[in-house]
Each structure stands twice: as structure tokens, then as C-alpha cells.
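To keep things clear, I will list the structure first and then write my remarks on it.
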Amino acid sequence: MKSMKQSSTHPASHRTKTYDLVYIGIFTVLIAVCSWISIPLTVPVTLQTFGVFAAVGILGGKRGTIAVLVYILMGAIGIPVFSGFTGGLGILAGTTGGYIAGFLFSALLMWGMEKLFGRSTPVLAVSMVLGLILCYAVGTVWFMIVYTGTSGSVGLLTVLGWCVFPFLIPDAAKIALALLMTKRLSGVVRI
């Protein structure tokens, strides 16, 4: 009797894992496509942050974070998933690599807030804003380290002027769009 019960639950468990893999794959591709949509500035304005926030918002913390990690790993091994159809360790080691790594920290922060406070829209909004701030912090520190090592000393306000201030309004719009999509798709995607 026990073996019969195990076999009846196995297909449902297998189906859930299959859905997880499909969702993670779809959102990994979504982040990559969002990275290719770019307005060239000192640091390109892309939709990557939208893709990251949408992945974690729609899929939930665990699957969304895995999608972000897979995206970064794909880029690290040379698949051209980063902005400008680039990839490789050189991109991650460059001045903007910290912002890409910051996506993972954003996703982890959002996952942690989901675990602590749930998935309500206000919690998601706050976690996205805090995740963006964390991404800015990681990226800015990395930018300063790499830039100083390759080009000479640079001040914090200068880097913030290049890498953060011009993107505050576009990133706020991306968060609003990710929240809207999360709310619209919350009943469609199984959490």
C-alpha cells in the first residue's frame, strides 16, 4: 500500500519540478532579452533590472533567484546574454560587472524579504527598491575598484553621477512595470 501511495505522488512532484525548470528557463531568457534592449550611455540603460525584478516577483524568491543566477552563469561562460550581446568573464571583471553581480544580491534580498514578510504588493515594492539600492551599492563599489585600478582614482560622487543618478527615474519605472506584471501574472504562474 505504501509503494502505491508513493507512486501516485511521484507524477505530481515530477510535474512541479518540470514547471519549475520551464519557468526558470523562460525568465532566464527574459532577463537576457531585456539586457539586449539598450540605450547607450556611460553605463547602458537596459531592461535587465526589470527582468530581474519580474523574475523574482512572478516566480517567487527561490525560482527567481535561480533564474538570475543561471543568467549570470551563462554570461560568465561566454554566452552573449549581457548588454550589447556580450558575455564572458571579462565583462564581469570590467567596470560594469558589479552591477551584473548586484542582480544576484537584489534577488537574494527579495527572496529573504519574501520569506520574512510574505508576497504582498507593498512587500514586493519595498523589496524591489531595497534590491535596487543594494545593486547600486555593489555595482558602484566594484566600478570604483576597477576604474581606480585601470584608469586612476575616481570620487564617489563622480561614479554616482555616471552610474546611478541618470538611472533613478528609468529604474523606478522598471520597478513599477515589474510590480504591475507580477500582480497581473500572479494567478497564472504557480508559486
Side-chain angles (χ1 to χ4, degrees), residues 24-59 61-113 127-175 177-178:
I24 289 166
I26 289 170
F27 277 86
T28 299
V29 170
L30 174 72
I31 297 167
V33 170
C34 286
S35 76
W36 298 333
I37 301 169
S38 177
I39 301 167
L41 298 172
T42 304
V43 177
V45 174
T46 67
L47 294 180
Q48 284 171 303
T49 49
F50 163 75
V52 169
F53 294 140
V56 180
I58 294 167
L59 297 181
K62 181 180 180 181
R63 293 184 299 182
T65 300
I66 292 170
V68 172
L69 178 62
V70 170
Y71 164 76
I72 293 170
L73 291 174
M74 286 172 59
I77 64 171
I79 298 172
V81 295
F82 298 147
S83 66
F85 294 94
T86 60
L89 289 175
I91 300 298
L92 291 174
T95 53
T96 60
Y99 295 100
I100 296 169
F103 298 151
L104 183 59
F105 289 102
S106 295
L108 289 168
L109 183 140
M110 290 176 65
W111 185 9
M113 288 190 66
S127 72
M128 287 179 186
V129 169
L130 293 177
L132 181 62
I133 292 168
L134 183 58
C135 182
Y136 283 157
V138 171
T140 300
V141 168
W142 183 253
F143 187 100
M144 289 180 73
I145 291 169
V146 173
Y147 190 90
T148 299
T150 59
S151 302
S153 183
V154 64
L156 176 60
L157 282 177
T158 300
V159 175
L160 290 175
W162 291 342
C163 303
V164 175
F165 298 148
F167 308 103
L168 292 174
I169 292 172
D171 283 342
K174 291 181 244 179
I175 286 174
L177 183 59

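- Here the CD atom belonging to Q48 is positioned 10.5 Å from the CD1 atom belonging to I37, to the nearest 0.5 angstrom.
- For F85, the ring-ring contact (aromatic ring centres under 6.0 Å, His included) criterion is met by W36, not counting sequence neighbours.
- Rounding to the nearest 0.5 Å places CH2 of W142 at 11.5 Å from CD1 of I100.
- The two atoms that bring I31 and A55 nearest to each other are CD1-CB, 4.2 Å, heavy atoms only.
- Among residues two or more places apart in sequence or in another chain, the side-chain hydrogen bond (donor to acceptor under 3.5 Å, both in side chains) test is passed with S35 by none.
- Taking OH of Y99 as the reference point, atom OG1 of T46 lies at 12.5 Å (rounded to 0.5 Å).
- Here the straight-line distance linking atom CZ of F53 with atom OG of S106 works out to 5.0 Å at 0.5 Å rounding.
- F82 meets the ring-ring contact (aromatic ring centres under 6.0 Å, His included) test with Y71; sequence neighbours excluded.
- In this view, T86 satisfies the side-chain hydrogen bond (donor to acceptor under 3.5 Å, both in side chains) rule with no residue, not counting sequence neighbours.
- Atom CD1 of I26 sits about 11.0 Å away from atom CD1 of I58, to the nearest 0.5 Å.
- In this structure I145 satisfies the side-chain contact (heavy atoms from CB on, under 4.5 Å) test together with V141, sequence neighbours excluded.
- Closest of all the heavy-atom pairs between C34 and F50 is SG-CD2, 3.8 Å.
- Pairs passing the side chain to side chain donor-acceptor pair (under 3.5 Å) check and including a residue from residues 145-158, sequence neighbours excluded, do not occur.
- Partners of I79 under the side-chain contact (heavy atoms from CB on, under 4.5 Å) rule, at least two apart in sequence or in another chain, are M74, I77, V81.
- Smallest separation of non-hydrogen atoms from V45 and P170: CG1-CB, 4.3 Å.
- Minimum heavy-atom separation, M110 to G57: CE-N, 4.2 Å.
- For the pair A54 and L30, the tightest heavy-atom approach, listed with the atom from each and the gap, is CB-CD2, 4.5 Å.
- Legend: residues meeting side-chain contact (heavy atoms from CB on, under 4.5 Å) with V129, ordered by chain and number and at least two apart, are I133, I175.
- Side-chain N or O atoms of T28 include one that pairs as donor or acceptor with a backbone N or O of A67 at under 3.5 Å.
- More than 12 non-hydrogen atoms from other residues, nucleotides or ligands lie less than 6.0 angstrom from CG of L156.
- For V138, the side-chain contact (heavy atoms from CB on, under 4.5 Å) partners at least two apart in sequence or on another chain are F105, L134.
- Separating the CH2 atom in W111 from the CG atom in L104 is a distance of 10.0 Å, to the nearest 0.5 Å.
- Under the salt bridge (Lys or Arg N to Asp or Glu O under 4.0 Å) criterion, the residue pairs touching residues 159-172 are D171-K174, with sequence neighbours excluded.
- In plain terms, the two heavy atoms of A107 and V56 that are nearest each other are CB-CG2, 3.7 Å.
- Screening residues 137-151 for salt bridge (Lys or Arg N to Asp or Glu O under 4.0 Å), with sequence neighbours left out, gives no hits.
- A heavy-atom distance below 4.5 Å is not found between the side chains of T49 and F167.
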